[in-house]
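Working notes for the structure below.
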Amino acid sequence: MRIATFNINGIKARHQSLCDWLDEATPEVVLLQEIKSLDENFPRELFEERGYRVETHGQKSFNGVAILSRLPLEDVARGLPGDESDDQARWIEATVIGDRTAVRVAGLYLPNGNPAPGPKYDYKLAWMERMKARAAELLELEEPVVLGGDYNVIPQDEDAAKPEAWKDDALALPETRAAFRRILHLGYTEAFRARVQGGGHYSFWDYQGNAWGRNNGIRIDHLLLSPEAADLMTGAGIETALRGREKPSDHVPVWIDLDA
DNA sequence: ATGGCTTGCATAGCAAGA
């Protein structure tokens, strides 16, 4: 079972290139972020005709997450628990029924948090604390769990081409990295880093300043695995080449293979 | 970098992103 996460930066602008990639890569499950669409405006038929179930948690203009799955989905849940007043669409969960094992999957779009310090950074850190609570609950299932999405976290300096440019940024501040580690230390494995060592691997390149041409990237899209999921992992990768296509998202898909 | 691209939207300049 291949599970990918992909911040598409707007489904309206990206549905064609997303479908092209689905047709060639044929992942079983795709976690989408920044659909920037209301549920009723999401072009679900495009994916249904390719054999995908579609579950969305959208909002107007900004944010919005979705799950596409060629395998059956059960127990879909929308919204990150812990703050009734939070109306930003950044979290969706479902259980994917694999051929051998069911996998609980969460798709997430973690707040950017800039400028830091400030209210947006406070929201990011509070959101990460809520995510930690939910991540801990999911571990108690003692089942394969995958938390995949745009984390807006550069875990270590080696995950940026120019780490000095990010040292005061909400994506890389020590407090951000510590909050990310607190989630990991509950017992999760960061999939890509568990399989590939060293720097030079990125999932985002800014549209500005010819960042792609200069390979001035950062690695901020991650898949966190419960112990039961990590035991099933047979591969992980980044679809780097998609960034060089026509009208690309500024992110590329990151994926894992699970023997599930 | 004073965010120099891109997206969505009350379709005209903004806000937001990272």
Side-chain angles (χ1 to χ4, degrees), chain A residues 5-19 21 31-43 46 56-66 86-91 107-125 127-128 131 148-177 179-180 199-222 238 240 242-254:
Chain A
T5 176
F6 190 8
N7 180 323
I8 55 172
N9 189 18
I11 189 61
K12 197 163 126 190
R14 213 71 59 210
H15 59 79
Q16 187 56 60
S17 53
L18 174 59
C19 286
W21 177 68
L31 310 173
L32 298 175
Q33 301 88 40
E34 285 207 271
I35 64 173
K36 297 185 177 182
S37 165
L38 291 166
D39 292 336
E40 56 264 40
N41 294 336
F42 191 86
L46 286 175
T56 60
H57 179 41
Q59 67 179 84
K60 192 173 184 174
S61 305
F62 303 117
N63 308 320
V65 289
D86 184 4
D87 54 6
Q88 298 191 31
R90 296 177 176 276
W91 184 270
L108 64 109
Y109 177 43
L110 205 150
N112 173 299
N114 280 303
K120 291 192 173 183
Y121 193 56
D122 295 341
Y123 174 67
K124 178 176 193 158
L125 294 177
W127 200 96
M128 293 179 84
M131 178 178 166
D150 176 358
Y151 278 72
N152 274 314
V153 173
I154 302 169
Q156 304 188 89
D157 279 356
E158 67 180 3
D159 299 309
K162 297 184 175 181
E164 68 283 358
W166 298 94
K167 68 178 175 54
D168 298 320
D169 192 280
L171 279 63
L173 282 169
E175 206 173 348
T176 303
R177 289 176 169 177
F180 181 68
H201 304 284
Y202 311 124
S203 65
F204 169 92
W205 296 258
D206 202 294
Y207 288 122
Q208 303 181 67
N210 192 25
W212 168 247
R214 299 169 185 270
N215 195 25
N216 180 16
I218 52 178
R219 196 174 69 88
I220 57 174
D221 299 272
H222 310 298
I238 302 178
T240 309
L242 255 62
R243 186 62 178 81
R245 292 191 181 180
E246 287 293 305
K247 216 169 159 11
S249 170
D250 40 9
H251 297 248
V252 295
V254 178

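Below, chain A is the first sequence line, B the second, and so on; all start at residue 1. Only a predicted model underlies this, so the values are computations on that prediction, with no experimental measurement involved.
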Please report, rounded to the nearest Å, how far the [atom2] atom of [N] is from the [atom1] atom of [X].
X: A/Lys247; N: B/dT6; atom1: NZ; atom2: C1'; value: 8 Å
X: A/His15; N: B/dT7; atom1: NE2; atom2: P; value: 12 Å
X: A/Phe204; N: B/dT7; atom1: CZ; atom2: C1'; value: 13 Å

* Asked: A/Asp157 and salt bridge (charged side-chain N to carboxylate O under 4.0 Å, His left out): which partner among A/Lys167, A/Lys162, A/Arg177?
  ->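 It is A/Arg177; the other options fail the test.
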* **Residue pairs involving residues 204-220 of chain A (criterion salt bridge (charged side-chain N to carboxylate O under 4.0 Å, His left out); sequence neighbours excluded)** =>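 Salt bridge (charged side-chain N to carboxylate O under 4.0 Å, His left out) check on residues 204-220 of chain A returns A/Asp159-A/Arg219, A/Glu190-A/Arg219.
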* For A/Asp122, check salt bridge (Lys or Arg N to Asp or Glu O under 4.0 Å) against everything at least two apart and list the hits. =>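 Residues passing salt bridge (Lys or Arg N to Asp or Glu O under 4.0 Å) with A/Asp122: none at all.
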* To do: Evaluate whether atom CD of A/Glu246 has more than 12 neighbouring non-hydrogen atoms of other residues, nucleotides or ligands under 6.0 angstrom away.
  =>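 Check fails, neighbour count at 12 or below.
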* To do: Using the closest heavy atom to pick a nucleotide of DNA chain B for each, name whichever of A/Ser61 or A/Asn210 lands nearer the 5' end.
  =>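 The answer here is A/Asn210.
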* Closer to the 5' end of DNA chain B via nearest nucleotide, is it A/Arg14 or A/Ile218? ->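 First, find each residue's nearest nucleotide; the 5'-ward one identifies A/Arg14.
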* **With A/His201 via ring pair (Phe, Tyr, Trp, His ring centres under 6.0 Å) - residues at least two apart** =>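 In terms of ring pair (Phe, Tyr, Trp, His ring centres under 6.0 Å), with neighbours along the sequence ignored, A/His201 is linked to A/Phe192.
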* Name all residues meeting the ring pair (Phe, Tyr, Trp, His ring centres under 6.0 Å) criterion together with A/Tyr121; count only those two or more places apart in sequence or in a different chain, and write none if there are none. =>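 Partners of A/Tyr121 by the ring pair (Phe, Tyr, Trp, His ring centres under 6.0 Å) criterion come out as none, since no residue qualifies.
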* Nearest-angstrom distance, P atom, B/dA10 to B/dT6 ->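 Here B/dA10 and B/dT6 have their P atoms 23 Å from each other.
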* If we take the C1' atom in both B/dA12 and B/dT7, what is their distance in whole Å? ->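 Comparing C1' positions in B/dA12 and B/dT7 gives a spacing of 14 Å.
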* Identify the two heavy atoms, one from A/Leu110 and one from A/Lys124, that lie closest to each other, and give their separation to 0.1 Å. =>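 Heavy-atom minimum between the residues: CD2-CE, 3.7 Å.
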* Ignoring backbone atoms, establish whether A/Lys60 has a side-chain N or O less than 4.0 Å from OP1 or OP2 of B/dA10. =>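 Yes, A/Lys60 has a side-chain N/O under 4.0 Å of OP1/OP2 on B/dA10.
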* To do: Using side-chain contact (heavy atoms from CB on, under 4.5 Å) as the criterion, point out the one residue from A/Ile220, A/Asn9, A/Ile8, A/Leu242 that pairs with A/His251.
  =>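 When side-chain contact (heavy atoms from CB on, under 4.5 Å) is applied between A/His251 and each of A/Ile220, A/Asn9, A/Ile8, A/Leu242, only A/Ile220 qualifies.
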So which protein N/O to nucleotides 12-17 of chain B N/O distances come out below 3.5 Å?
| unit_1 | atom_1 | unit_2 | atom_2 | d |
| --- | --- | --- | --- | --- |
| B/dG17 | OP2 | A/Lys120 | NZ | 3.4 |

* Please list residues of residues 156-171 of chain A whose heavy atoms come under 4.0 Å from any atom in DNA chain B, ordered by number; otherwise none. =>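 Residues of residues 156-171 of chain A that come under 4.0 Å of DNA chain B are, in numerical order, A/Trp166, A/Leu171.
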